[in-house]
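Input: a single structure, listed below in structure tokens.
FYI, side chains are in, hydrogens and waters are out, and symmetry mates aren't considered; it's all heavy atoms of this structure.
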Amino acid sequence: FYMVKSELIIKIANRQDSLSVKDVELSVNHILERMSESLGEGIRIEIRGFGSFCLHYRPPRKAHNPKTGARVYTEAKYTPHCKPGKDLRERVDQSREHTPITGDDHEDEE
């Protein structure tokens, strides 16, 4: 199971009588855009109770093309990294007690 952004927007709008779906959509898009811009500028983001976002440096390395077996060299790059906060980890752990993860939950992630 997973949730896409449009489903998140609808869930938030349904809980907020004073906000329209369009207002929630604009807010969610603005937050995500600002977070992306900040990470792009190398700024660490911390949302207490939810988690922190930062960039991890990946040095250049030797690799191989699995189809051809040819050696390739990857360039250095920065990748986004998320570390969940304590409250989020605890909430997820508690929810798993009631709805354990089964093999079917990860079917769409491949």
Point to revise | Interatomic spacing from CD in Glu25 to NE2 in His30 - rounded to 0.5 Å | key: 14.5 Å
**Study point:** Distance in Å, Ile12 CD1 paired with Glu7 CD, rounded so as to fall on 0.5 Å steps
**Key:** 12.0 Å
Determine whether [X] and [Y] fall in the same hydrophobic cluster, where Ile, Leu, Val, Met, Phe, Trp and Tyr are linked whenever their side-chain heavy atoms lie under 4.5 Å apart.
X     : Y     : value
Ile31 : Leu26 : no
Tyr2  : Phe50 : no
Ile9  : Leu32 : yes
Val28 : Ile10 : no
Ile43 : Leu55 : no

Shortest non-hydrogen contact from [X] to [Y]?
X     : Y     : value
Pro84 : Arg89 : O-NH1, 2.9 Å
Gly69 : His64 : O-CB, 4.2 Å
Asn29 : Lys5  : OD1-NZ, 2.7 Å
Ala63 : Thr74 : CB-CG2, 4.2 Å

**Study point:** Counterpart residues, ring pair (Phe, Tyr, Trp, His ring centres under 6.0 Å), relative to Tyr78 (two or more places apart)
**Key:**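 Residues passing ring pair (Phe, Tyr, Trp, His ring centres under 6.0 Å) with Tyr78: Tyr57.
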Check your understanding: For His56, which residues count as a ring pair (Phe, Tyr, Trp, His ring centres under 6.0 Å) partner, sequence neighbours excluded?
Key ->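 Only His81 meet the ring pair (Phe, Tyr, Trp, His ring centres under 6.0 Å) criterion with His56.
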Review point. Tell me, which pairs form a salt bridge (Lys or Arg N to Asp or Glu O under 4.0 Å) where one or both residues lie in residues 54-71, sequence neighbours left out?
Key: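 Non-adjacent pairs meeting salt bridge (Lys or Arg N to Asp or Glu O under 4.0 Å): zero.
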Practice item. Report the C-alpha separation of Lys86 and Glu90 in whole Å, then their side-chain angles, then the decisive distance to 0.1 Å, and conclude whether the side chain to side chain contact (heavy atoms under 4.5 Å, CB included) test is met. Key: CA-CA 6 Å; Lys86 182 181 176 186; Glu90 289 173 354; 2.9 Å; yes
Practice item. List the steps, then state whether salt bridge (charged side-chain N to carboxylate O under 4.0 Å, His left out) holds for Lys77 with Glu75. Key: CA-CA 6 Å; Lys77 62 182 176 180; Glu75 294 183 18; over 6 Å; no
Check your understanding: Does the Glu41 side chain pair with the main chain of Ser38, one donor and one acceptor, at a distance under 3.5 Å?
Key ->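 No, the answer is negative, given that no donor and acceptor are paired below the 3.5 Å cut-off.
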Review point. Is any side-chain heavy atom of Arg48 closer than 4.5 Å to a side-chain heavy atom of Asp87?
Key: no
Practice item. Indicate yes or no: at least one non-hydrogen side-chain atom of Ile47 is less than 4.5 angstrom from one of Met35. Key: yes
